[in-house]
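Take a look at the structure set out below.
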Number of protein chains: 2
Amino acid sequence: MGDAKALLMSGVPELLILRLLAEREMYGYELARAVRAVTREAISLGEGVLYPALHSLELSGLLRARRRQVGGRTRVYYNVTAKGRRRLEYLTSHWRRIATAVEAALAGPQHA
Amino acid sequence: MGDAKALLMSGVPELLILRLLAEREMYGYELARAVRAVTREAISLGEGVLYPALHSLELSGLLRARRRQVGGRTRVYYNVTAKGRRRLEYLTSHWRRIATAVEAALAGPQHA
DNA sequence: GTACTATACCTCGTACTTCGATGTATAGAG
DNA sequence: CTCTATACATCGAAGTACGAGGTATAGTAC
């Protein structure tokens, strides 16, 4: 995850992950369900997206992981670091900027 | 450009190109300026994005190209085909769906 | 006349993101 | 004892976007 680039690339999975984990600590599987819930099934992060993303975010120091045994199953809980919160802020404002721009284009060139 | 997939991938350049060309025929360089204008400089499609995208869209039958000589310079004008308009409709509704979902997530999980 | 800027097209290699498929293993329900 | 849900993970493929570089003409400023 290119630290601070992301010019146009959606980066939506990263944004959603940071946003939901900023609210409360969760483990992967739980997070997947949470994403589906908040977006009312509009967005579903597949496991092939979710787990690599979590690892990458941890590696970049944006998330901190903590393993816990719960009823015979291993869960990996994640929470957002200070750096992660800064990244979340950046991604949020970036998203809004792009979303506003796209809306303007969709509304029609007459507003140029 | 994956005909009808695009699950999460932004596909924003494709959407903007189709949207602006649906309004009126333009040539590449002009289109680049138009994008900057409507989005108030928020989005600038580099030439490394724009031209390959135009070629790919033409190849997929979403755009039709027409070369014209204007004052010693060659311009390639593009307009949107019927198929292109259908694709534009799909991309637009897809965008709105994703944008709404992301906004919901940013607003906070309390609305889950 | 000549250097610089704007116009106008193009391509290549690279990097990153995302996707689907597949794999492992445990717990609980029927 | 089988099937589903939970819970983690990885791999290869495909798609997207980006920056850098390349060609050439027209007009402007010096």
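Labels below follow one simple rule: chain letters A, B, ... track the order of the sequence lines, proteins then strands, and each chain is numbered from 1.
Salt bridge present: Glu30(B) and Arg24(B) bring a charged side-chain N and a carboxylate O closer than 4.0 Å. Residues Glu103(A) and Arg96(A) are not paired through a salt bridge, judged by the lack of any N-O separation under 4.0 Å between the basic side chain and the carboxylate.
Computed from coordinates, the Ile43(A) CD1 to dT17(C) C1' distance equals 15 Å when rounded to whole Å. For the pair Gln69(A) CD and dT6(D) P, the computed distance is 18 Å after rounding to whole Å. The interatomic distance linking Leu15(B) (CG) with dA17(D) (P) rounds to 11 Å, in whole Å. Summarising the geometry, the separation between CG on Leu54(A) and P on dA9(D) is reported as 8 Å, rounded to the nearest angstrom. Taking atom CG of residue Leu50(A) and atom P of nucleotide dA7(D), one finds them 13 Å apart after rounding to whole Å. Atom CZ of Arg66(A) is separated from atom P of dA7(D) by 15 Å (rounded to the nearest Å). Distance, Ile17(B) CD1 to dT16(D) C1': 12 Å, rounded to whole Å. A straight line from CD of Glu58(A) to P of dC8(D) spans 13 Å, rounded to a whole angstrom.
With a 4.5 Å cut-off on side-chain heavy atoms, Leu16(A) and Ile43(A) count as touching. Ile98(A) places a side-chain heavy atom less than 4.5 Å from the side chain of His94(A). Proximity of Tyr78(B) to Arg66(B): side-chain heavy atoms (C-beta onward) are nowhere separated by under 4.5 Å. You'll find the side chain of Leu62(B) stays beyond 4.5 Å of the side chain of Leu88(B), heavy atoms only.
Residue contacts for Gly72(A): at a heavy-atom cut-off of 4.0 Å it reaches the sugar-phosphate backbone alone, with no base atom in range.
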Check: Can you give one letter per nucleotide of nucleotides 4-9 of chain C, going 5' to 3': B for a protein heavy atom under 4.0 Å from the base, S for sugar-phosphate only, - for none?
Finding: --BBBB
